[in-house]
**Student:** 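Got a structure here, written out as structure tokens. Questions coming.
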Amino acid sequence: MAKQYWLMKSEPHVFSLEDLKNAPNSTTHWDGVRNYQARNFMRDQMKIGDLVLYYHSNCDEIGVVGVAEVCKESYPDHTALDPDSHYFDPKSSQENQRWFMVDIKWEQAFKRTVTLQEMKATPELESMRVIQRGMRLSVQPVEKVHFDKVVEMGTA
DNA sequence: GCCAACGTTGGC
DNA sequence: GCCAACGTTGGC
């Protein structure tokens, strides 16, 4: 299958791109997703080698800050089974796993943040999901042309 | 901190 | 299966 492109949101005060870079092997498991659409993308479609726009939300400088790569395909999100976890879901169980995650690896940090504002103002990105009003999905597919454009803006 | 938009839950 | 109530997301 051809390489696919994604956008994943993270609150930088929880886990920033910098945190990803500094993690062991610059890799982390993307736990805590509790939305079915986002889960389905991770569980059913994400493949090793797919590239991810890393997006910072809920912060001073909102936007895409760099790129990560999918390095492990989906497997159960263990935090759903941990009663002490913020992400615990009593309806998930060992036998009937409800939530899944992938691993991603740091790939590059942009020279500068490609802000949401800027993306909204870029005609080529007009149909990008992330800039649509009320778009809350934290894992979403991105078209290659949009991916390339955002990378170009961030690295120019 | 506010609040609009959205997703989920649960009573009926 | 509808829909009101509630909780969450996330830009501002």
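In the text below, chain A, chain B and the rest are named by the order of the sequence lines, each starting its count at 1. Below, all heavy atoms of this structure are taken into account, side chains as well, without hydrogens, waters or symmetry copies.
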**Student:** Tell me which residues in residues 77-104 of chain A put a heavy atom below 4.0 Å from DNA chain B, sorted by number, or none.
**Tutor:** Lys91(A)
**Student:** Regarding Glu61(A) and Thr113(A), do their side chains bring together a donor and an acceptor under 3.5 Å, going by distance alone?
**Tutor:** yes
**Student:** Walk me through it: do Val139(A) and Phe41(A) pass the test side-chain contact (heavy atoms from CB on, under 4.5 Å)?
**Tutor:** CA-CA 7 Å; Val139(A) 176; Phe41(A) 286 132; 4.1 Å; yes
**Student:** Show your working on side-chain contact (heavy atoms from CB on, under 4.5 Å) between Trp6(A) and Asp50(A) and close with a plain yes or no.
**Tutor:** CA-CA 8 Å; Trp6(A) 307 94; Asp50(A) 285 0; 3.0 Å; yes
**Student:** Would you say the side-chain atoms of Ser93(A) pair up with the backbone N or O of Asn96(A), donor to acceptor, closer than 3.5 Å?
**Tutor:** yes
**Student:** Distance-only criterion, 3.5 Å: show the donor-acceptor pairs between side-chain atoms of residues 128-135 of chain A and protein atoms not counting sequence neighbours.
**Tutor:**
unit_1: Gln132(A); atom_1: NE2; unit_2: Glu126(A); atom_2: O; d: 3.1
unit_1: Gln132(A); atom_1: NE2; unit_2: Met128(A); atom_2: O; d: 2.7

**Student:** Would you jot down, in residue-number order, the residues of residues 50-57 of chain A having a non-hydrogen atom under 4.0 Å from DNA chain C?
**Tutor:** Tyr55(A), Ser57(A)
**Student:** Could you tell me whether Glu69(A) and Lys105(A) make a salt bridge, using a distance below 4.0 angstrom between a side-chain N and a carboxylate O?
**Tutor:** no
**Student:** Keeping to residues at least two apart or across chains, list the side chain to side chain donor-acceptor pair (under 3.5 Å) pairs with something in residues 20-32 of chain A.
**Tutor:** none
**Student:** So which one's nearest nucleotide on DNA chain B is more toward 5', Gln37(A) or Asn58(A)?
**Tutor:** Asn58(A)
**Student:** In plain terms, say whether Arg34(A) and Asp77(A) are close enough for a salt bridge, that is, a side-chain N and a carboxylate O under 4.0 Å apart.
**Tutor:** yes
**Student:** Carefully, step by step, assess Phe15(A) and His13(A) under the rule ring-ring contact (aromatic ring centres under 6.0 Å, His included).
**Tutor:** CA-CA 6 Å; Phe15(A) 198 82; His13(A) 65 89; over 10 Å; no
**Student:** 5' to 3' on DNA chain C, which nucleotides open and close the contacts with chain A (atom under 4.0 Å from a heavy atom)?
**Tutor:** dG7(C) to dC12(C)
**Student:** Would Asp82(A) and Tyr87(A) count as having a side-chain donor-acceptor pair, cut-off 3.5 Å?
**Tutor:** no
**Student:** Using the rule side chain to side chain contact (heavy atoms under 4.5 Å, CB included), only one of Val67(A), Val65(A), Val64(A) pairs with Tyr54(A); which is it?
**Tutor:** Val65(A)
**Student:** Are Trp99(A) and Tyr36(A) close enough that their ring centers fall under 6.0 Å?
**Tutor:** yes
**Student:** Contacts to DNA chain B from residues 124-139 of chain A, heavy-atom cutoff under 4.0 Å, which residues?
**Tutor:** Arg133(A), Gly134(A), Arg136(A)
